[in-house]
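Below is one structure; the comments refer to it alone.
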Amino acid sequence: MFPALETELKQETLPDPYEDFMFHHLQYYGYFKAQKGSLPNSAMHQHVWKNNPRYLLSGSSGEREDVLPDPLQKEKLLWPTCLSSTVHRQIEAVSRGIPCPFRPANAKLLSGRCPHSLLSPPDSLMLSSPLLKSRQLLHDEFGEVNPCLREPRDLFSFFSSRGPLQPPRWPIECEVIKENLHHIEWVPPQPEYFYQPTGNEKLPEIVGEEKGTVVYQLDSVPTEGSYFTNSRVGGKRGIIRELAVALQGPEDNTLLFESRFESGNLQKAVRVDTYEYELTLRTDLYTNKHTQWFYFRVQNTRKDATYRFTIVNLLKPKSLYTTGMKPLMYSQLDANTHNIGWRREGNEIRYYKNNMRDGQQPFYCLTWTIQFPHDQDTCFFAHFYPYTYTDLQCYLLSVANSPVQSQFCKLRTLCRSLAGNTVYLLTITNPSRTPQEAAAKKAVVLSARVHPGESNGSWIMKGFLDFILSSSPDAHLLRDIFVFKVVPMLNPDGVIVGNYRCSLAGRDLNRHYKTILKESFPCIWYTRNMIKRLLEEREVLLYCDFHGHSRKNNIFLYGCNSNDRTYWLHERVFPLMLSKNAPDKFSFHSCNFKVQKCKEGTGRVVMWRMGILNSYTMESTFGGSTLGNKRDTHFTTEDLKSLGYHVCDTLLDFCDPDRTKFMQCLAELKELLQEEIHKKFNELGQDMDLEGSWSDISLSDIESSTSGSDSSLSDGLPVHLLNIAHEVTQKKMYKKKKKKPLQTRKQRNEQYQKNNLMRELKLTDDVLERAGFASTLQKQPTFFRNSENASSSTMRNEKPRLNELHGRDKGTSLDPPKMTSLILTKSRERMQEMLTTHRGAAISRELCLTSRVTRDRSVLRQRSQDSQRHALQREAQIPAKSRFQI
């Protein structure tokens with residue numbers, strides 16, 4: 001966006017002190033040379049800076065520095081033979097010492113001034129010579145004299161048209177084949193309808209490898225109990241073994257399976273019959289759960305045979321395969337010869353419960369039959385249209401190399417993932433004419449692929465980017481009024497290894513948006529931090545995270561009910577508008593706005609609690625539509641990309657200065673809500689008049705819970721991080737335990753009075769206990785009834801007085817400290833009355849009881865003395881001899 005000074009003459013310059021300092025500084029910390037222990041588990045940046053006359057999204061994101069033994073070579077300064085008058089004026093302004101208003105705080109040179117201020121007057125003449133002192137100066141695109149320092153080079157990974165793409169980094173346990181896979185985009189000319197069950201579908205019994213033959217199996221698969229330690233380009237070191245069985249000859253019709261490529265997922269294939277195979281999917285790495293996404297390759301096909309594939313270890317009890325969804329197939333020969341891409345194929349499709357168990361967890365099976373279109377073909381099967389990390393990089397490379405799109409789209413690195421893969425951040429907006437115009441823009445934040453197996457989110461994101469980066473007048477208008485922050489792939493590690501829901505931490509990232517562990521969940525932590533900073537700068541109008549749904553058809557949104565009555569139902573306006581703009585794809589009735597406790601860590605809830613009213617999760621089905629003209633048909637990639645366009649179109653309607661559409665939708669929402677409340681009360685068998693108070697009903701009580709996933713099973717932390725999380729949490733809690741001091745003397749006096757009243761009440765209780773008041777209460781239950789009646793009557797008498805206080809000023813209410821002192825005073829008066837009334841009776845009763853006990857004791861003493869005297873008399877009357885015998 002900012003043109004740098006063009007360079008044509010190849011002349012060597014004097015050393016730049018800033019660049020020399022930054023070179024040694026970054027080299028020391030391992031950015032220019034990847035030394036062990038400098039940046040663990042992260043990809044180091046390439047050291048070669050590509051010369052580019054424009055301040056574009058350029059640079060290198062290729063191989064790592066540690067393969068290059070030589071240190072960074074200093075650049076050559078190139079200076080044009082002839083400069084425009086604008087550039088000459090800029091150079092003269094720089095020589096006069098114009099300050100740098102946009103210089104970053106950390107970009108100080110020696111005394112802290114701009115680079116040109118270090119030059120003495122004779123040296124400043126060098127600015128008009130071919131030997132420019134610093135190459136860090138930039139000038140804006142308006143031709144104004146606003147020199148500032150360039151960002152430190154190679155801190156971020158940019159694209160270059162002359163450099164290779166950054167290769168994906170894999171965990172060191174994963175074997176990766178050295179093949180580059182590419183699938184063409186293709187839209188079927190005819191609608192692809194759902195499969196209609198006939199009732200005669202076969203349910204094959206699971207045989208297993210005991211009776212079958214294993215033809216493909218991954219040996220080293222990290223599961224639960226292990227955790228991610230390191231990564232490298234290409235995954236596991238050493239020779240890549242051939243896992244498929246060796247064919248015995250040209251007549252051998254055994255299929256050759258493979259899944260050790262980007263986003264692939266297949267762990268084992270067992271041949272149980274000539275054309276029948278049982279398939280086992282790999283769980284998400286470092287877990288024992290989440291088997292849903294599959295993507296694998298088969299070779300050595302036969303055209304006229306009917307094959308049967310059965311996936312035996314799916315975990316979800318419900319699936320769209322029960323309502324007619326078909327798997328996807330891709331033929332390499334059809335793509336090469338007829339330009340045909342992914343298509344829905346399969347017959348005799350059944351989804352049923354498996355008779356095998358893994359401990360207490362039941363498995364489910366998906367079975368289907370297929371006829372391949374060619375002999376000796378290479379075919380792929382997938383749960384949904386794949387969209388890999390390399391696909392995203394190729395798309396972003398085309399944007400970076402576009403001279404038009406790169407003017408209003410800045411590509412930056414948000415962070416590095418656990419494996420060191422780049423998480424990209426796009427900032428899309430047109431340049432503003434004034435700072436005031438730039439500050440007035442609202443922001444829109446979009447993200448996708450936090451769940452790596454939900455590739456439909458990437459296709460919607462691609463459609464959005466295609467439109468917002470286009471030359472359409474609507475797109476230009478959106479770029480004028482908004483700043484778009486886009487994170488197109490939040491979980492690149494999971495996408496690369498073929499996970500369905502988790503990152504390499506073995507956890508669902510969409511349950512950890514509140515995390516404090518930056519090192520364990522960097523993608524989520526940096527995304528939340530970026531949005532937090534954005535909220536400090538400007539209003540964020542909308543946040544939306546693109547997902548996929550495996551149990552419901554159509555596309556819909558999950559939002560958050562607003563607690564502010566000022567914006568009541570406003571969070572439902574955008575989804576309703578979107579349903580009107582895409583009536584054959586988007587279902588408003590499938591939307592849900594209930595905030596569940598188990599979803600507190602999701603992106604939409606966390607962003608909503610941070611202050612974004614319109615915070616959504618967009619759920620797009622893996623199947624298709626049940627609406628309008630697309631009823632009972634599968635979604636294609638074009639359908640999903642069109643929804644990205646509809647999001648942009650709905651944004652314009654939502655922010656239209658003419659609020660007619662907004663108010664119409666709001667009125668329609670109130671009618672729909674009234675109908676929903678009537679329906680709810682009819683189901684409960686109750687009648688209610690909704691004329692006056694229907695708007696006070698809690699919306700969360702009306703809506704049912706979202707038909708969510710089992711991702712809460714992946715909540716929590718990896719085992720090796722539990723202790724760290726506990727220590728950090730304890731430190732934060734210790735900081736929060738500091739008691740907030742009272743701010744005013746009035747507050748201190750009220751607290752002092754309250755403590756005195758509590759002490760007096762305690763003394764009153766002690767007096768009552770000494771006076772025997774407790775025993776009196778136990779012996780006379782009627783007193784309790786009388787006191788309860790008296791207290792209730794007292795409260796009834798006090799109620800009008802309180803109402804009078806409220807009636808004097810309806811806008812104000814009694815302060816809690818005053819209310820507390822009033823209640824304590826009344827209680828003390830009541831206790832004093834009871835003490836005065838019953839003290840005499842209690843004392844006299846205690847004296848009577850004491851005298852009675854004394855009298856009883858004297859009687860007992862007299863009786864014992866009489867009995868002893870009688871015993872002595874009887875003993876004296878007995879003769880001595882008889883006494884001895886006795």
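Note that the structure is a prediction, hence the values are computed from the model and not measured.
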- Task: Would you tell me whether His451 and Asn491 have side-chain atoms, one donor and one acceptor, within less than 3.5 Å of each other?
- Result: no

- Query: Just checking, is any N or O donor in the side chain of Tyr387 or His183 under 3.5 Å from an acceptor N or O on the other one?
  - Reply: no

- Side-chain donor-acceptor pair under 3.5 Å between Asn553 and Arg551, yes or no? no

- CG (Leu576) and CZ (Phe588) are apart, to the nearest 0.5 Å, by 5.0 Å

- Task: Using modelled atom types only, decide if a donor and an acceptor are shared between the side chain of Ser231 and the backbone of Pro171 within a distance under 3.5 Å.
- Result: no

- Task: Using distance alone, with no hydrogens and no angle criterion, decide if Thr367 and Lys202 have a side-chain donor and acceptor under 3.5 Å apart.
- Result: no

- Under 3.5 Å, is there a donor-acceptor pair linking the side chains of Thr636 and Asp639? yes

- On a heavy-atom basis, the closest approach of Glu173 and Lys236 is O-CD, 4.0 Å

- Query: For Pro583, does its backbone N or O pair with a side-chain atom of Ser579 as donor and acceptor, under 3.5 Å?
  - Reply: no

- Item | Glu454: partners by salt bridge (charged side-chain N to carboxylate O under 4.0 Å, His left out), with sequence neighbours left out | Arg501

- Examine distances only and state if a side-chain atom of Thr633 and a backbone atom of Glu192 form a donor-acceptor pair shorter than 3.5 Å. no

- Would you name the heavy atoms of Ala505 and Phe521 that are closest together and state the gap between them? CB-CE2, 3.9 Å

- Checking Lys462 against Phe464: charged group under 6.0 Å from the ring centre and within 45 degrees of the axis? no

- Task: Heavy atoms only: give me the nearest Phe380-Leu181 pair and the separation to one decimal.
- Result: CE2-CD1, 3.9 Å

- Check the pair Leu542 / Val445 against side-chain contact (heavy atoms from CB on, under 4.5 Å), numbers first and verdict last. CA-CA 6 Å; Leu542 181 138; Val445 181; over 6 Å; no

- Can you tell me if Asp584 and Ser625 form a side-chain donor-acceptor pair at under 3.5 Å? no

- Message: I'd like to know if the side chain of Asn253 pairs up with that of Tyr275 as donor and acceptor (distance under 3.5 Å, no hydrogens or angles considered).
- Response: yes

- Message: As a test of understanding, state which of Phe622, Phe384, Phe194 forms a ring-ring contact (aromatic ring centres under 6.0 Å, His included) with His634.
- Response: Phe194

- Parallel, tilted or perpendicular: which describes the rings of Phe467 and Tyr645, with under 30° parallel and over 60° perpendicular? perpendicular

- Side chain proximity check, Val270 to Val215, heavy atoms < 4.5 angstrom: no

- Message: What verdict does the side-chain contact (heavy atoms from CB on, under 4.5 Å) test give for Leu578 and Met618, after you've listed the backbone C-alpha separation in whole Å, the side-chain angles of each residue and the deciding distance to 0.1 Å?
- Response: CA-CA 11 Å; Leu578 187 55; Met618 179 174 286; 3.8 Å; yes

- Message: Hydrogens and angles aside, do Thr306 and Gln371 bring a side-chain donor and acceptor to less than 3.5 Å of each other?
- Response: yes

- Please name the residue in the list Arg350, Glu201, Glu348 that meets the side-chain hydrogen bond (donor to acceptor under 3.5 Å, both in side chains) test with Tyr195. Glu201

- Task: Using modelled atom types only, decide if a donor and an acceptor are shared between the side chain of Asp284 and the backbone of Cys502 within a distance under 3.5 Å.
- Result: yes

- Message: Can a side-chain donor-acceptor contact be found between Thr626 and Asn554 if the only test is distance below 3.5 angstrom?
- Response: yes

- Query: Taking side chain as C-beta onward, heavy atoms only, is Leu285 less than 4.5 Å from Cys174?
  - Reply: yes

- Message: Using a strict threshold of under 4.0 Å (side-chain N to carboxylate O), is an ion pair present between Arg297 and Glu179?
- Response: yes

- Nearest atoms (heavy-atom pairs only) where Tyr193 meets Arg631: CE2-O, 4.3 Å

- Any donor-acceptor pair under 3.5 Å linking the side chain of Tyr307 with the backbone of Arg302? yes

- Under 4.5 Å between any side-chain heavy atoms of Leu315 and Phe363, yes or no? yes

- May I ask you to decide if Thr617's main-chain N or O and Tyr543's side chain share a donor-acceptor pair within less than 3.5 Å? no

- Message: Can you confirm whether the side chains of His290 and Asn499 place a donor and an acceptor under 3.5 Å from each other?
- Response: no

- Quick one: are Cys365 and Ile311 in side-chain contact, heavy atoms under 4.5 Å? no

- Query: Is a side-chain donor-acceptor pair under 3.5 Å present for Gln332 with Asp377?
  - Reply: no

- Query: For the ring-ring contact (aromatic ring centres under 6.0 Å, His included) test, which of Tyr277, Phe296, Trp342 pairs with Phe381?
  - Reply: Phe296

- Item | Short side-chain to backbone donor-acceptor contact, Thr301 and His374, under 3.5 Å | yes

- Query: Are His547 and Tyr616 an aromatic pair by the rule of ring centers under 6.0 Å?
  - Reply: no

- Are a donor atom and an acceptor atom from the side chains of Tyr216 and Glu258 found within less than 3.5 Å of each other? yes

- Query: Leu320 versus Thr621: any side-chain heavy-atom pair under 4.5 Å?
  - Reply: yes

- Glu209 side chain near Lys268 side chain, heavy-atom distance below 4.5 Å: yes

- Query: Does some side-chain heavy atom of Arg260 sit less than 4.5 Å from a side-chain heavy atom of Val176?
  - Reply: no

- Message: Please check this pair: side chain of Ser503 against backbone of Leu509, looking for a donor-acceptor N/O pair closer than 3.5 Å.
- Response: no

- Message: Show, in sequence, the C-alpha distance, side-chain angles and deciding distance for Lys552 and Glu619, and conclude whether the salt bridge (charged side-chain N to carboxylate O under 4.0 Å, His left out) test is met.
- Response: CA-CA 9 Å; Lys552 295 169 65 175; Glu619 299 280 356; over 6 Å; no

- Item | Enclosure of Lys178 NZ (heavy-atom neighbours >12, cutoff 6.0 Å) | yes

- Message: Keeping Glu278 on the side-chain end and Phe309 on the backbone end, is there a donor-acceptor pair under 3.5 Å?
- Response: no

- For Lys599 and Val605, work out which heavy atoms get closest and say how close. O-CG2, 3.2 Å

- Task: Please check if any side-chain donor atom of Asp545 sits under 3.5 Å from a side-chain acceptor atom of Ser447, or the reverse.
- Result: yes

- Message: Testing the 3.5 Å rule here: is there a donor-acceptor pair between the side chains of Ser417 and Asp493?
- Response: yes

- Message: Between Tyr330 and Ile184, does the side-chain contact (heavy atoms from CB on, under 4.5 Å) criterion hold? Intermediate values first, please.
- Response: CA-CA 10 Å; Tyr330 184 94; Ile184 64 172; 3.6 Å; yes

- Message: Atom CG of residue position Asn629 - does it have more than 12 heavy atoms of other residues, nucleotides or ligands inside 6.0 Å?
- Response: no

- Message: If you define the side chain from C-beta out and look only at heavy atoms, does anything of Pro327 sit under 4.5 Å from Ile349?
- Response: yes

- Query: Does the side-chain contact (heavy atoms from CB on, under 4.5 Å) test come out yes or no for Val487 and Tyr424, once each step is laid out?
  - Reply: CA-CA 6 Å; Val487 186; Tyr424 296 101; over 6 Å; no

- Closest non-hydrogen contact found for Leu279 with Ala269 is CD2-CB, 3.8 Å

- After noting the C-alpha distance and the side-chain angles of Asp466 and Tyr395, does the key distance pass the side-chain hydrogen bond (donor to acceptor under 3.5 Å, both in side chains) rule? CA-CA 10 Å; Asp466 285 343; Tyr395 181 83; 2.7 Å; yes

- Checking Arg232 side chain against Gly235 main chain: does a donor-acceptor pair fall under 3.5 Å? yes

- For the residue pair Glu185 and Tyr385, confirm or rule out a side-chain donor-acceptor distance under 3.5 Å. no

